[in-house]
Amino acid sequence: MKKLLVSIGIVWTCVSVKAQVLPDSIVMVVAEKQIPLSEFIYIAEKNGEVDLSDKKSVKNYVELFKNFKLKVAEAESLGYDKTSAFKDELEGYRAQLYNSYLSDKEAEEEAVREVYNRGDSIVELTHILFRLPERTVSKDTVAVYQEAMKAYERLRAGEDIAAVGKELVERDKEHIVCEYVRCLRPMESLKVFENAVYTLPVGTISTPVRTSLGFHLIQVHSRKPDPGRLRVAHILVAFPKDSASADSSVTLSKAKAIYKLLQEGSGFEDLARKYSDEAASAKNGGLLPWFKAGDMVLPFEEAAFALKTPGDVSGLVKTRFGYHIIKLIDKKGRPAFAEEQERLTRRMAQGERNFELYKVFDERMKKEYGYVFYPDAYAELQALCDDYFPTDKIFYEKARELNKTLVHLNGFDFPQSEFAYYIQRCPFSTKTYAGDFMREVYDLFIRDVVTTAERKNLLTKHPEIPHLMQEYRDGILLFEISNRVIWNKPAAEQKALEEKWIADLNKKFPVTVNWKLLKKLRDKKE
């Protein structure tokens with residue numbers, strides 16, 4: 001009798017649900033959960049094969065959609081939506097989705113491509129660095145700048161940069177550095193330094209270029225096409241560590257003997273395993289990792305890049321390590337943009353270049369939210385940077401008394417004091433010069449304001465977001481439940497299991513379809 005009452009109760013529930021009069025905003029009720037028409041249409045239009053003006057197409061789609069929601073309902077009944085793994089994955093998607101609306105992917109790709117294109121050439125240069133203190137205000141830069149200018153005038157008059165640099169370093173090695181760089185590529189130096197290098201004509205001496213390290217005088221010696229990447233094997237006959245002369249006749253004789261064996265037909269890999277003094281590569285037949293120009297000592301590199309065809313072998317190549325015999329294994333050009341894009345984007349996003357990466361989006365947001373800048377108010381803060389670093393306590397004590405409007409944004413006026421407080425709370429800049437530090441934090445302040453405003457308006461501006469979230473949520477649950485019930489079973493059994501499962505779910509969960517609404521929708525689409 002109890003089972004009969006339960007069965008009657010279930011039948012009554014199903015009938016009562018089917019008898020519901022649903023509003024025109026609800027297309028279906030599955031397991032007592034209302035499905036809005038907007039979600040139904042959104043997924044139908046994404047499907048691409050559903051014709052909402054055709055009765056048969058709509059009927060077939062309703063069946064598929066209902067079965068999909070029944071499976072989701074089953075997953076929910078088993079608590080799959082309560083697990084920490086599910087919540088973490090859904091939250092991760094939410095963050096990724098929201099961030100995709102808070103960026104301009106085309107502009108970001110263009111910014112990354114600009115950096116990538118610079119890498120078509122490698123730059124040879126020498127620079128002299130006049131160091132600045134770790135935290136610098138304007139008055140600290142004057143003497144250092146004057147010192148750099150004196151050296152600049154000497155170079156402009158024709159003196160050699162290496163000779164001048166050596167002289168200056170010998171006089172003050174604590175504050176002056178002279179460095180020769182054989183191969184510089186994008187993203188291997190500070191942004192300001194790189195920008196100067198890649199715009200400076202060959203042979204020209206730059207005026208002092210200020211970076212977070214200090215003032216640089218730069219001379220570009222050459223700009224050459226990137227020769228690509230090589231993989232080689234080598235046999236090294238090393239100079240004795242205690243040898244007074246790198247021209248050890250014993251070392252040379254041994255190298256010549258090995259080279260003769262190679263010419264007589266001995267295998268390169270076998271000779272490397274037996275005779276090479278570079279243990280790490282010897283056990284692999286002399287094989288070295290892929291390398292690019294600038295990774296190896298110059299004589300080795302020149303000999304390796306001179307080899308044309310895989311299998312070619314060099315003569316004896318002398319470096320400071322000893323004598324090498326080099327065999328070309330493979331060669332290829334620099335990686336394509338598609339291979340480098342993700343790595344470059346990640347690096348730009350994490351450092352000072354993020355302003356280049358997000359510039360277009362930042363400017364668009366400023367325009368949308370009515371950005372107005374008041375330069376006189378900013379100049380008062382800038383004047384404080386002449387004497388105090390922005391994170392200094394005395395800077396804040398003076399700046400918090402300033403209450404002129406610094407910027408108007410999103411309908412609000414932000415006074416100087418509010419920005420001063422932001423500097424104390426979010427001092428996220430690697431700049432060491434006070435004015436640069438404040439400017440970078442100011443740009444972050446503006447980005448924070450517009451991004452916060454944009455996040456609040458996302459659902460209004462992009463009504464598809466809730467549907468994307470719902471689709472992803474249900475997709476996770478569908479995968480988990482289908483994998484447990486169907487997909488982990490033998491393929492031959494899956495069709496029958498699917499049919500039985502759907503039949504059981506239709507009995508277990510009540511379903512109501514708003515056919516009246518679907519007819520209206522179909523008539524409207526015709």
Side-chain angles (χ1 to χ4, degrees), residues 1-20 22 26-52 54-87 89-90 93 467-519 521-522:
M1 177 62 70
K2 185 175 181 182
K3 288 183 179 179
L4 179 60
L5 290 175
V6 170
S7 299
I8 292 172
I10 291 174
V11 172
W12 184 87
T13 301
C14 294
V15 171
S16 66
V17 172
K18 290 180 183 293
Q20 288 180 12
L22 299 177
I26 303 300
V27 71
M28 191 181 296
V29 178
V30 178
E32 300 182 356
K33 185 175 287 187
Q34 295 184 340
I35 313 297
L37 178 63
S38 57
E39 180 187 347
F40 180 86
I41 293 175
Y42 173 78
I43 296 179
E45 290 178 343
K46 280 192 70 175
N47 183 285
E49 297 180 1
V50 180
D51 183 356
L52 293 176
D54 180 77
K55 183 176 180 180
K56 183 178 179 181
S57 179
V58 170
K59 186 175 180 181
N60 290 338
Y61 174 63
V62 165
E63 187 66 18
L64 289 172
F65 187 83
K66 180 198 70 171
N67 291 343
F68 161 57
K69 287 295 185 178
L70 283 169
K71 293 173 183 178
V72 171
E74 175 74 341
E76 291 171 340
S77 73
L78 295 172
Y80 285 16
D81 58 332
K82 301 296 191 297
T83 67
S84 58
F86 169 82
K87 292 176 181 177
E89 184 174 353
L90 188 61
Y93 176 73
H467 297 312
L468 287 166
M469 286 300 305
Q470 186 69 41
E471 181 183 23
Y472 192 84
R473 173 194 182 278
D474 289 353
I476 301 173
L477 296 175
L478 177 66
F479 176 85
E480 293 296 333
I481 192 69
S482 297
N483 191 53
R484 186 180 74 86
V485 178
I486 303 294
W487 296 339
N488 65 346
K489 303 297 191 297
E493 301 175 12
Q494 289 182 11
K495 184 178 179 181
L497 286 172
E498 174 83 14
E499 291 174 354
K500 183 178 185 304
W501 187 29
I502 293 298
D504 291 343
L505 291 176
N506 273 284
K507 293 175 183 177
K508 182 175 182 179
F509 298 109
V511 176
T512 302
V513 179
N514 193 344
W515 292 107
K516 183 179 178 182
L517 175 58
L518 291 172
K519 184 177 184 306
L521 176 64
R522 193 172 70 247

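From a predicted model like this one, the values you see are computed outputs, not experimental measurements.
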Side chain to side chain, [X] and [Y], heavy atoms closer than 4.5 Å:
X    : Y    : value
L497 : V485 : no
E74  : F509 : yes
K46  : H467 : no
L518 : F40  : yes
P36  : Y42  : no
Y472 : L468 : no

What are the two closest non-hydrogen atoms of [X] and [Y], and how far apart are they?
X   : Y    : value
D51 : S57  : N-OG, 2.9 Å
A44 : V50  : O-CB, 3.9 Å
L70 : V511 : CD2-CG2, 3.8 Å
N67 : I502 : OD1-CG2, 3.5 Å

[atom1]-[atom2] distance between [X] and [Y], expressed to the nearest 0.5 angstrom:
X    : Y    : atom1 : atom2 : result
M28  : K69  : CE    : NZ    : 9.5 Å
I35  : N514 : CD1   : CG    : 12.5 Å
L78  : I481 : CG    : CD1   : 5.0 Å
W501 : L505 : CH2   : CG    : 6.0 Å
K59  : D54  : NZ    : CG    : 12.0 Å
D474 : M469 : CG    : CE    : 10.5 Å

Decide, yes or no, whether a salt bridge links [X] with [Y] under the criterion of side-chain N to carboxylate O below 4.0 Å.
X    : Y   : answer
R473 : E76 : yes
E498 : K71 : yes
E63  : K66 : yes

Next item on the list: Output all residues satisfying ring-ring contact (aromatic ring centres under 6.0 Å, His included) with F68, sequence neighbours left out; order by chain, then residue number.
Entry: none
Notebook entry, point to check: What pairs with W515 under ring-ring contact (aromatic ring centres under 6.0 Å, His included), at least two apart in sequence or on another chain?
Noted result: none
Margin query: Less than 6.0 angstrom separating the ring centers of F86 and Y80, yes or no?
Written below: no
Next item on the list: Report the C-alpha separation of K33 and V72 in whole Å, then their side-chain angles, then the decisive distance to 0.1 Å, and conclude whether the side chain to side chain contact (heavy atoms under 4.5 Å, CB included) test is met.
Entry: CA-CA 11 Å; K33 185 175 287 187; V72 171; 6.0 Å; no
Item checked: Test side chain to side chain contact (heavy atoms under 4.5 Å, CB included) applied to I41 and L521, step by step -> CA-CA 10 Å; I41 293 175; L521 176 64; 3.9 Å; yes
Note to self: Are there over 12 heavy-atom neighbours, none belonging to K55, within less than 6.0 Å of that residue's NZ?
What the structure shows: no
